[in-house]
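All remarks here apply to the structure that follows.
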Amino acid sequence: MENKELQKSLGMSAALSTVVGMVIGAGVFFKPQAVYQTTGGEPGLGMIAWVIAGIITITAGLTAAEVSAAIPKTGGMMVYIEEIYGKKLGFLTGWMQTVLFFPATIAALGVIFAQQAVSLIGNESLTLPIAVGIILFVAALNTLGSKAGGAIQTIATICKLIPLALIMVFGFIKGSGTNPIITPLVGDGISPAGVIGQLLIAVLFAYDGWINVGALAGEMKNPGKDLPRAIVGGLAVVMGVYVIINLAYLWVLPASELANYSAPAAAVAEAMFGPMGGKLITIGILISVFGTLNGYLLTGPRVMYTLAEQKTLPGYKTLTKLNKSQAPANSIIAMATLSAIYALSGQFNLLTDLSIFAIWIFYVLTFIGVIKLRKDQPDLVRPYRVPLYPFIPAIAILSGLFVVINQLCFAGLQTTMISLGGIIITLIGLPIYNYMQNKTN
């Protein structure tokens with residue numbers, strides 16, 4: 001499944017817009033609630049977290065892009081880790097994505113979609129049925145083939161920019177601008193050092209998607225020069241958008257109020273435009289979430305399908321079957337079913353924290369892989385090299401370790417238990433891998 005003749009047609013502007021399009025998703029509309037609940041209803045550390053997470057993401061993107069450019073194979077992080085560390089760890093990466101990262105993220109998006117839909121309908125008893133229903137509906141659309149999924153993605157990408165632009169512009173025009181922005185950092189009785197890790201986990205969900213950026217290297221005219229510019233430029237634009245829109249939120253409503261709304265963007269829109277305007281913005285946000293959900297159900301089942309093709313998943317014969325549209329329908333249905341089960345929790349923030357914790361363990365392995373590859377394969381062709389080596393990779397590695405260790409050890413008992421659960425689910429992949437190896441060899 002390696003794409004050996006990628007056309008080198010992407011210039012700087014195309015790459016930069018792709019970076020922005022892949023990263024901006026649902027998190028920016030919903031995560032301010034979790035942020036300001038964590039800070040005790042005060043704005044300062046929350047705003048700082050959006051900047052720190054942006055810097056972490058830029059260093060992560062710059063680092064991982066070297067691996068992507070040096071290993072231009074279809075399959076993403078799972079393939080990179082397999083190439084660097086061996087088949088078993090490569091499988092574990094794909095397993096984690098298949099049973100944890102993608103299903104938890106899809107479930108979280110289904111839950112938040114349902115919560116917003118219910119705010120329009122006015123019947124909270126429909127939250128879980130809508131969450132499960134939207135996941136299964138989008139999965140059904142994706143069984144029609146990647147062309148249908150791609151068309152949905154294009155429409156949704158355009159639609160998600162509309163509420164963003166309206167809130168950023170009118171927030172500063174219609175807002176009072178009298179609410180605190182930078183101080184106080186946190187509420188009474190809360191330690192900034194004690195909550196920064198939780199804040200970063202929350203905010204990094206909004207920045208997720210950057211791992212796909214490095215996959216552009218094989219299709220760029222001049223990746224060594226343009227890829228770092230596209231990553232830094234694109235992620236800087238994303239960070240700028242996130243900081244500005246969060247300023248706009250605070251320009252209209254104080255952090256203490258934003259902490260009470262599951263959809264702060266819709267609450268801000270209602271404060272600016274009245275109930276009808278708020279509902280229109282909510283519809284725009286729903287389309288954005290729908291598009292993000294579609295993107296994950298378009299890409300996630302392909303990881304499951306790849307593992308099944310390698311005969312490392314139970315039921316691989318069923319999961320590798322393609323339908324008339326040449327879509328891996330059984331893999332799509334299997335992932336959607338698992339996601340729907342996760343969605344029954346009804347917990348958006350819990351699900352996103354679980355998925356981000358799990359994926360960042362493997363992001364750190366990817367960052368370390370840059371250094372390992374340079375030592376193990378110094379003559380490997382590298383169309384792009386991470387700038388300021390080894391300082392940029394070191395920042396990415398240390399930041400990632402901080403996020404993972406903080407979530408595991410210092411973010412409270414509930415968070416520790418969720419994180420341990422994620423590790424256990426991931427490690428279950430090892431006996432499954434060994435069993436399947438013995439069975440198929």
Side-chain angles (χ1 to χ4, degrees), residues 1-4 6 22 25 71-82 87 90-110 132-154 156 208-209 211-212 215 218 290-343 355 358-359 362 425-426 428-429 432-433 435-437 439-440:
M1 292 184 68
E2 186 174 334
N3 193 346
K4 294 180 180 176
L6 291 168
M22 283 194 295
I71 308 171
K73 296 180 181 178
T74 303
M77 186 167 61
M78 176 175 67
V79 173
Y80 311 151
I81 287 181
E82 180 181 319
K87 286 184 180 293
F91 166 79
L92 212 58
T93 308
W95 168 261
M96 176 277 302
Q97 291 176 304
T98 297
V99 300
L100 206 56
F101 173 72
F102 280 110
T105 304
I106 291 164
L109 292 167
V132 171
I134 194 66
I135 290 168
L136 299 179
F137 175 68
V138 175
L141 288 178
N142 274 279
T143 62
L144 301 176
S146 57
K147 189 175 181 181
I152 294 167
Q153 208 58 35
T154 302
D208 202 50
I211 191 69
N212 303 308
F290 185 89
T292 307
L293 184 59
N294 178 74
Y296 278 93
L297 273 164
L298 185 67
T299 53
R302 267 72 183 177
V303 176
M304 182 183 284
Y305 174 80
T306 302
L307 288 180
E309 266 205 325
Q310 295 171 356
K311 299 181 181 179
T312 53
L313 279 186
Y316 65 87
K317 289 181 181 178
T318 302
L319 294 171
T320 50
K321 286 182 180 176
L322 301 177
N323 64 8
K324 291 178 182 178
S325 303
Q326 294 301 297
N330 290 338
S331 289
I332 293 169
I333 292 164
M335 184 161 285
T337 303
L338 186 57
S339 303
I341 293 168
Y342 279 41
S355 69
I359 200 74
F362 289 87
I425 292 169
T426 301
I428 287 170
I432 288 175
Y433 176 82
Y435 169 76
M436 293 305 296
Q437 287 294 101
K439 183 180 177 182
T440 55

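These numbers were taken from a predicted model, which means no experiment stands behind them.
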* Assess whether side chain to side chain contact (heavy atoms under 4.5 Å, CB included) is satisfied between Lys87 and Gln437, documenting all intermediate values. => CA-CA 11 Å; Lys87 286 184 180 293; Gln437 287 294 101; 5.7 Å; no
Give me the atom names and distance for the closest heavy-atom approach of [X] to [Y].
| X | Y | result |
| --- | --- | --- |
| Ala336 | Ile135 | O-CG2, 3.6 Å |
| Met335 | Thr98 | CE-O, 3.6 Å |
| Gly94 | Leu307 | C-CD1, 3.4 Å |
| Asn323 | Ala329 | ND2-CB, 3.5 Å |
| Val99 | Tyr342 | O-OH, 2.5 Å |

* Which residues pass the side chain to side chain contact (heavy atoms under 4.5 Å, CB included) test with Ser355, sequence neighbours left out? ->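 Expected list: Phe101, Ala104, Thr105.
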In the structure I gave you, are the side-chain heavy atoms of [X] and [Y] within less than 4.5 Å of one another anywhere?
| X | Y | value |
| --- | --- | --- |
| Gln97 | Ile359 | yes |
| Leu141 | Phe290 | yes |
| Val138 | Tyr296 | no |
| Met436 | Phe91 | no |
| Phe102 | Thr299 | yes |

Quick check for you: to the nearest 0.5 Å, what is the distance between [X] atom [atom1] and [Y] atom [atom2]?
| X | Y | atom1 | atom2 | answer |
| --- | --- | --- | --- | --- |
| Gln310 | Glu82 | CD | CD | 5.5 Å |
| Leu92 | Ile428 | CG | CD1 | 11.0 Å |
| Ile106 | Asn294 | CD1 | CG | 10.0 Å |
| Met77 | Phe362 | CE | CZ | 7.5 Å |
| Met96 | Met78 | CE | CE | 10.5 Å |
| Ile333 | Leu136 | CD1 | CG | 9.5 Å |

Do the side chain of [X] and the main chain of [Y] share a donor and acceptor less than 3.5 angstrom apart?
| X | Y | result |
| --- | --- | --- |
| Trp95 | Leu100 | no |
| Ser331 | Leu319 | yes |
| Thr312 | Tyr433 | no |
| Asn330 | Thr318 | yes |
| Asn142 | Ile332 | no |

* Should we say atom OH of Tyr316 is surrounded by more than 12 heavy atoms from elsewhere, each under 6.0 Å from it? ->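 Yes.
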